Amino acid sequence: MVLTHPHSSIRNIEELEYALSDPTQKTIDAMAALPGDVVVLGVGGKMGPTLARMAKRASDLAGVARRVIGVARFSDPGLEEQLQAWGVETHRCDLLDAKSYSQLPDAANVVYMAGMKFGATGQESLTWAMNTFLPGLVSQRYRYSRIAVFSTGNVYGLSPVSSGGSKEGDRLHPVGEYALSCLGRERIFEHFSRTEGTPMSVLRLNYAVELRYGVLLDIAQRVFSEQVIPLEMGYLNAIWQADAAAMSLQSLNYASTPPFVINIAGPELGSVRRVAEEFGEHFRKPARFEGMESGDALLNNAQKAFQLFGYPQVGLESMLPWIADWVERGEKTLAKPTHFENRAGNF
């Protein structure tokens with residue numbers, strides 16, 4: 001683990017969101033080289049607002065006059081106002097409504113972040129609509145654009161811990177309807193990339209985290225409340241959300257036909273047991289476990305991304321104390337557990 005940040009805590013949400021939208025120099029350079037405006041579809045999710053803000057900040061720092069436009073339903077009006085205050089334009093749209101696509105703003109670059117994971121079990125038809133029907137609509141509307149598509153490491157299935165994680169060329173073994181629908185999303189985008197000549201990048205993200213959600217927060221909260229932590233899914237990758245956003249924006253310059261596929265994940269092989277024990281030491285509470293670690297887990301090898309986009313700026317040795325401090329102070333979270341321990345693909 002690499003300590004990369006001098007501060008031992010992040011004091012409030014404003015400071016957190018500024019840190020999550022802070023672009024690396026490579027991201028600034030990438031936005032300088034990228035022609036045209038940027039549309040972020042599904043900007044209302046966990047990662048969307050600060051990614052859009054990062055795109056705007058990086059463009060401004062690069063001296064590029066560019067519109068960054070966030071598209072969502074905006075059921076929370078406060079988010080729309082916040083984005084606008086950050087210089088990000090907004091457009092209201094229900095992306096499941098095919099008739100609304102003619103009103104979407106034109107843009108040379110699209111970041112596709114829409115999708116469904118949590119609540120997929122019991123809502124399988126909606127999950128497939130969100131994860132496979134939408135990509136066809138988006139591909140047709142933006143067939144002359146460059147598209148960065150958010151996907152997931154779940155399409156690989158479990159890999160041996162000793163292997164160091166799945167690589168981009170590995171065979172795919174999705175488990176459960178959510179992971180299958182995500183593979184469907186990739187295939188639909190790939191089809192239109194090949195038939196329409198649309199350059200795309202596909203981002204297989206594995207465990208982006210920040211202080212308000214993510215696998216590390218889930219573990220910290222269980223330790224703090226003295227709940228039992230299952231160990232069968234005993235290892236993880238975790239990447240600071242700002243690093244994931246920076247790599248995602250840079251990937252637009254690598255978009256190709258057929259799609260350029262890249263893993264985005266943390267560099268460390270994190271032990272769930274050891275992470276929990278470190279939180280326990282901070283909270284002065286015991287970490288309670290059940291079961292034993294399996295020999296496989298949901299792990300991605302992101303060395304290719306590090307070679308292209310640079311090494312993550314924030315490592316586990318920064319994330320763990322930040323999250324511990326956040327939990328101990330009772331700061332606001334998104335109340336969206338990741339279900340990281342689930343090995344059957346039911347979300």
Side-chain angles (χ1 to χ4, degrees), residues 3-28 31 38 40 42-62 66-92 111 113 150 205 207-221 224 238-249 266 279 282-283 312-338:
L3 183 62
T4 56
H5 198 284
H7 303 301
S8 59
S9 69
I10 293 177
R11 291 169 293 181
N12 51 49
I13 289 176
E14 291 74 21
E15 187 175 308
L16 171 62
E17 290 179 338
Y18 189 84
L20 292 175
S21 63
D22 197 19
T24 63
Q25 185 59 51
K26 278 183 170 287
T27 307
I28 296 168
M31 299 306 283
V38 175
V40 181
V43 75
K46 299 184 295 295
M47 191 171 173
T50 53
L51 180 144
R53 186 184 186 186
M54 180 183 290
K56 182 60 177 174
R57 288 179 63 186
S59 299
D60 291 347
L61 289 168
R66 168 181 288 122
R67 297 174 69 200
V68 177
I69 308 162
V71 175
R73 287 175 297 178
F74 292 112
S75 52
D76 175 9
L79 174 60
E80 190 170 19
E81 295 172 3
Q82 184 178 55
L83 285 168
Q84 292 169 357
W86 289 341
V88 176
E89 300 177 38
T90 58
H91 181 93
R92 294 191 176 205
V111 180
M113 306 189 77
F150 270 82
L205 177 63
Y207 291 153
V209 301
E210 50 121 311
L211 307 190
R212 295 169 297 182
Y213 85 95
V215 58
L216 300 181
L217 175 66
D218 290 352
I219 296 171
Q221 289 177 321
F224 190 73
I239 184 167
W240 183 240
Q241 183 177 291
D243 287 313
M247 294 180 187
S248 304
L249 291 171
F279 282 131
H282 181 96
F283 298 141
Q313 299 289 295
V314 175
L316 280 177
E317 285 194 10
S318 294
M319 288 184 266
L320 295 183
W322 289 348
I323 290 170
D325 177 72
W326 193 264
V327 169
E328 201 165 39
R329 288 190 285 117
E331 296 289 348
K332 182 178 179 181
T333 70
L334 300 184
K336 292 183 177 181
T338 63

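Heavy atoms only: backbone and side chains are in, while hydrogens, waters and symmetry mates are out. Counting from 1, the numbers follow the sequence of the chain as shown. Predicted model, so just to flag it, every value in this text is computed and none were measured.
Across every non-hydrogen atom of Ala19 and Ala242, the tightest pair is O-CB, 3.7 Å. Between Ala220 and Val327, the closest heavy-atom pair is CB-CG2, 4.1 Å. Residues Ala52 and Leu83 share a closest heavy-atom pair of CB-CD2, 4.4 Å. Here the shortest heavy-atom pairing between Asp325 and Ser9 reads OD2-CB, 3.1 Å. Scanning all heavy atoms of the two residues, the minimum distance from Ser248 to Phe150 falls at OG-CZ, 3.2 Å. When all heavy atoms are compared, the tightest approach of Ala245 to Met47 is N-CE, 3.3 Å.
From Gln241, atom CD reaches atom CG of Leu20 across 5.0 Å, with rounding to the nearest 0.5 Å. Summarising the geometry, atom CD belonging to Glu331 is positioned 13.5 Å from atom CD1 belonging to Ile323; distances are rounded to the nearest 0.5 Å. Rounding to the nearest 0.5 angstrom, the gap separating the CG atom in Leu211 from the NZ atom in Lys332 is 14.0 Å. Once rounded to the nearest 0.5 Å, the distance linking CD of Glu17 with CZ of Arg53 reads 7.0 Å. Note that the CG atom of Leu205 and the CE atom of Met113 stand 8.5 Å from one another [nearest 0.5 Å]. Within the model, atoms CG of Asn12 and CH2 of Trp326 stand 6.5 Å from one another, a figure rounded to the nearest 0.5 Å.
Looking at Glu80 and Arg92, a side-chain N of the basic residue comes within less than 4.0 Å of a carboxylate O on the acidic one, giving a salt bridge.
Looking only at distances, a side-chain donor or acceptor of Asp218 sits under 3.5 Å from a matching main-chain atom of Thr338. Put simply, the side chain of Arg212 never gets that close to the backbone of Leu16: no donor and acceptor are under 3.5 Å apart. Side chain of Lys46 to main chain of Val209: no donor-acceptor pair is present (N/O by atom type, distance under 3.5 Å, no hydrogens or angles). Judged by distance alone, with hydrogens and angles left aside, the side-chain atoms of Asp243 form a donor-acceptor pair with the main-chain N or O of Val314 at under 3.5 Å.
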Intermediate values then yes/no, side chain to side chain contact (heavy atoms under 4.5 Å, CB included), Phe279 and Leu320: CA-CA 7 Å; Phe279 282 131; Leu320 295 183; 3.6 Å; yes
Test log, rule side chain to side chain donor-acceptor pair (under 3.5 Å), inputs Gln313 and Thr24: CA-CA 8 Å; Gln313 299 289 295; Thr24 63; over 6 Å; no
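Using a 4.5 Å heavy-atom cutoff, the side chains of Thr333 and Gln221 are in contact.
Under the salt bridge (charged side-chain N to carboxylate O under 4.0 Å, His left out) criterion, Glu89 pairs with Arg67, sequence neighbours left out.
Counting non-hydrogen atoms of neighbouring residues, nucleotides and ligands closer than 6.0 angstrom, the OH atom of Tyr18 reaches no more than 12 such neighbours.
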